[in-house]
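Heads up, the thing below is written out as structure tokens.
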Amino acid sequence: MLSKVWQQPLPQIYNELSESELRLRIASAKETLGKRLAILGHHYQQDAVVEFADFVGDSFELSRAAAAQRDVEFVVFCGVHFMAESADILTDESVRVILPDLGAGCSMADMANLEQTEDCWETLRTVCPGQVVVPITYMNSSASIKAFVGEHGGAVCTSSNARNVLEWAYRGGATPEGLQSADNGVPPKILFFPDQHLGRNTAYGMGVPLDQMVLWDPNKDLGGNTEDLLQLARIVLWKGHCSVHQLFRPEHVQQVKEKYPNMKVMVHPECRFEVVQQADVVGSTAYIVKQIEAAPPGSEWAVGTEVHLISRLAKQHPEQKIIVLSDCQCLCTTMFRIDLPHLCWVLENLISGNVVNEIKVDSHTRKWATVGLERMLAIKGSGNPMQKDQPAGTTVD
Ligand code: 13P
Ligand code: SF4
């Protein structure tokens, strides 16, 4: 398993440098490291960090970008811990993946651990004999959960391809029993973790009624359900959520609609079901970016996702009116931990021959998580989990 290490305090000098000094030093370190280094940055990173990224994308795009890094020695991942773990899994053993601040975790990923997952799995097998369960985990989960799904015939998904991954799972996923059960007319059940909202929104968009979905609370017997409910459920949703996207509420949509009648509301599928139902457009981070890039001047958007991305889009598109769906602080505090001092510190250490903050996944976890992640990369998506007629295999590109 991963050895959990806490972030050590930075040498004082990095906190004393001005922003312009940090920029100069980072630019110079990048130049010195040259082709030995690739910096990947998630769309939710602060502008100052994005400026130094060689590639910016959402989770799905960054996974592909990581998998494509064949000739570099170091990938500095400006995102959160689960993303850096996936980058380590998808890159060759010789590529060393670095997370500039080890405190950049994800509260959603922390809502499901392996022990709870194994308990849930055993319970479902006991309570639902003869039914095939295909486990699917959102990218936003630990490497051990990704390995669990890989080992049990399931896959990882991101918000970009969740719909196509669920369709694949309902066809039996990668389990021989699943394929048989689909043939026998008993469709497999999906166990989806850790984001209940992405699971619910996606399954509902595919036509699964709400009364055939159950919520699994890992702290309750039978996850807080009856045996009957578990047997009837077509999808079991883990009780997890994103603390940022859950801040958006239906009243925010109503307020925007009243104040700006021409404004379209566009939200990420990590938002609550009621918000997604009222929104005009729903899509992954990459999908949101593409919608705005393609919109004509004068378009008006209230966007329900992380504030750094929305502010950047508003700056890049002054010809459109782009606001945050609510006035709450919709900031991912862990993404925000990656800043110029930490970036400068890891790069200058690399130049001195010290690899600090390396993220390394153990070989057993790596083996099975690779299986789950490669299934994910093979199943592309349109980025829109609510789209009804999405042909399998379409791509966000
Ligand atoms: P995507 O990058 O898949 O849209 O996920 C959003 C998110 O919450 C990342 O942490
Ligand atoms: Fe986790 Fe939400 Fe932050 Fe993404 S935005 S890293 S899901 S807390």
Side-chain angles (χ1 to χ4, degrees), residues 40-46 49-50 53 55-66 77-87 99 101-112 136-142 145-146 155-165 193-199 201-202 238 240-248 266-272 276 281-292 303-310 312-313 324-325 328-338 373 376-377 379-386 396:
L40 306 187
H42 192 273
H43 281 301
Y44 297 173
Q45 290 290 299
Q46 43 191 300
V49 171
V50 164
F55 187 91
V56 181
D58 69 355
S59 299
F60 189 73
E61 294 168 328
L62 291 174
S63 299
R64 288 207 290 196
F77 205 107
C78 297
V80 289
H81 194 272
F82 69 80
M83 297 178 183
E85 277 187 327
S86 298
L99 182 65
D101 185 334
L102 294 176
C106 165
S107 52
M108 179 202 285
D110 291 343
M111 289 175 193
I136 301 294
T137 190
Y138 189 22
M139 179 71 168
N140 303 19
S141 56
S142 67
I145 307 281
K146 292 185 176 87
V156 181
C157 74
T158 70
S159 54
S160 281
N161 72 350
R163 183 178 174 124
N164 283 350
V165 173
F193 25 18
D195 185 15
Q196 58 170 296
H197 300 301
L198 178 67
N201 291 324
T202 308
W238 196 265
H241 63 266
C242 166
S243 45
V244 179
H245 290 89
Q246 201 167 267
L247 291 171
F248 298 107
M266 178 156 61
V267 301
H268 193 282
E270 284 175 20
C271 291
R272 296 162 192 269
V276 163
V281 184
V282 184
S284 67
T285 304
Y287 190 84
I288 289 172
V289 172
K290 281 173 204 294
Q291 293 301 305
I292 289 178
V303 186
T305 191
E306 210 276 345
V307 68
H308 285 93
L309 172 61
I310 304 174
R312 188 172 315 117
L313 287 168
V324 186
L325 177 56
C328 59
Q329 284 300 311
C330 301
L331 160 91
C332 179
T333 50
T334 48
M335 286 268 183
F336 193 59
R337 292 184 75 108
I338 309 293
L373 280 164
M376 172 192 90
L377 289 173
I379 304 171
K380 293 173 183 155
S382 75
N384 178 352
M386 307 305 284
V396 290

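This one's a predicted model, so the numbers in the text were calculated from it and none came from an experiment. Whatever order the structure lists ligands and atoms in, that order sets their numbers, starting from 1. Because only heavy atoms are used, hydrogens play no part in the values below, and waters and symmetry mates are left out as well, while side chains stay in.
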N/O separation below 3.5 Å, H245 to ligand 1: no
Residue portion contacting ligand 1 (non-hydrogen atoms closer than 4.0 Å) for M108: neither
Minimal non-hydrogen separation, G103 against R337, with atom names: O-CD, 3.2 Å
Side chain, backbone, both or neither: the part of M139 lying under 4.0 Å from ligand 1 by heavy atom: neither
Reported CD1-to-OH distance for the pair I310 and Y44, which is rounded to 0.5 angstrom: 8.5 Å
Contact partition for V80 relative to ligand 1, non-hydrogen atoms under 4.0 Å: neither
E306 contact mode with ligand 2 (heavy-atom cut-off under 4.0 Å): neither
Nearest-neighbour protein heavy atom for atom 4 (O) of ligand 1, which is reported as residue plus atom name and distance: T285 OG1, 2.5 Å
Where ligand 1 meets N140 - atom numbers and elements under 4.0 angstrom, heavy-atom basis: 7 (C), 8 (O), 9 (C), 10 (O)
Qualifying residue, where the test is side chain to side chain contact (heavy atoms under 4.5 Å, CB included) with D58 and the options are H42, M139, M83: H42
Numbering as shown, the atoms of ligand 1 that approach M83 to under 4.0 Å (heavy-atom distance): 9 (C), 10 (O)
Nearest atoms (heavy-atom pairs only) where P194 meets S141: CD-CB, 4.1 Å
Side-chain touch Y287/V281, heavy atoms, less than 4.5 angstrom: yes
Residues S107 and S243: side-chain donor-acceptor under 3.5 angstrom: yes
Distance-minimising heavy-atom pair for S159 and T285: OG-N, 4.3 Å
Atoms of ligand 1 close to H42 [distance to a heavy atom under 4.0 angstrom, numbered from 1]: 2 (O), 9 (C)
Heavy-atom pair with the smallest gap, counting every atom of L247 and C328: CB-SG, 3.8 Å
Gap between atom CD of E270 and atom CE of M108 - 0.5 Å precision: 4.0 Å
Any side-chain heavy-atom pair of F336 and L331 under 4.5 Å: yes
Atom indices of ligand 1, in the order listed, that fall short of 4.0 Å to a heavy atom of D58: 2 (O)
Under 3.5 Å donor-acceptor, R163 side chain and T202 backbone: no
Sub-3.5 Å N/O-N/O distance, S159 and ligand 1: yes
Contacting atoms of ligand 2, where contact means under 4.0 angstrom from a heavy atom of E270: 7 (S)
Nearest non-hydrogen protein atom, atom 5 (O) of ligand 1: Y138 OH, 3.3 Å
Protein residue, atom and distance nearest to atom 6 (C) of ligand 1, heavy-atom basis: Y44 OH, 3.3 Å
Nearest-0.5 Å distance that lies between atom CZ in F77 and atom CD in Q45: 9.0 Å
Pairwise distance CG(L309) to SG(C330) - rounded to 0.5 angstrom: 12.5 Å
For ligand 1, the portion of H43 having any non-hydrogen atom under 4.0 Å away: neither
Part of E306 with heavy atoms under 4.0 Å of ligand 1, whether side chain, backbone, both or neither: neither
Name of the residue among H245, E306, H197 meeting side chain to side chain contact (heavy atoms under 4.5 Å, CB included) with H268: H245
Shortest non-hydrogen separation from S59 to N140 and the atoms involved: OG-OD1, 4.3 Å
Identity and separation of the nearest protein heavy atom to atom 8 (O) of ligand 1: E270 OE2, 3.0 Å
Atoms of type N/O/S from protein, distance to atom 1 (Fe) of ligand 2 below 2.8 Å: 1
Ligand 1 to S59 polar contact by distance, N or O atoms, under 3.5 Å: yes
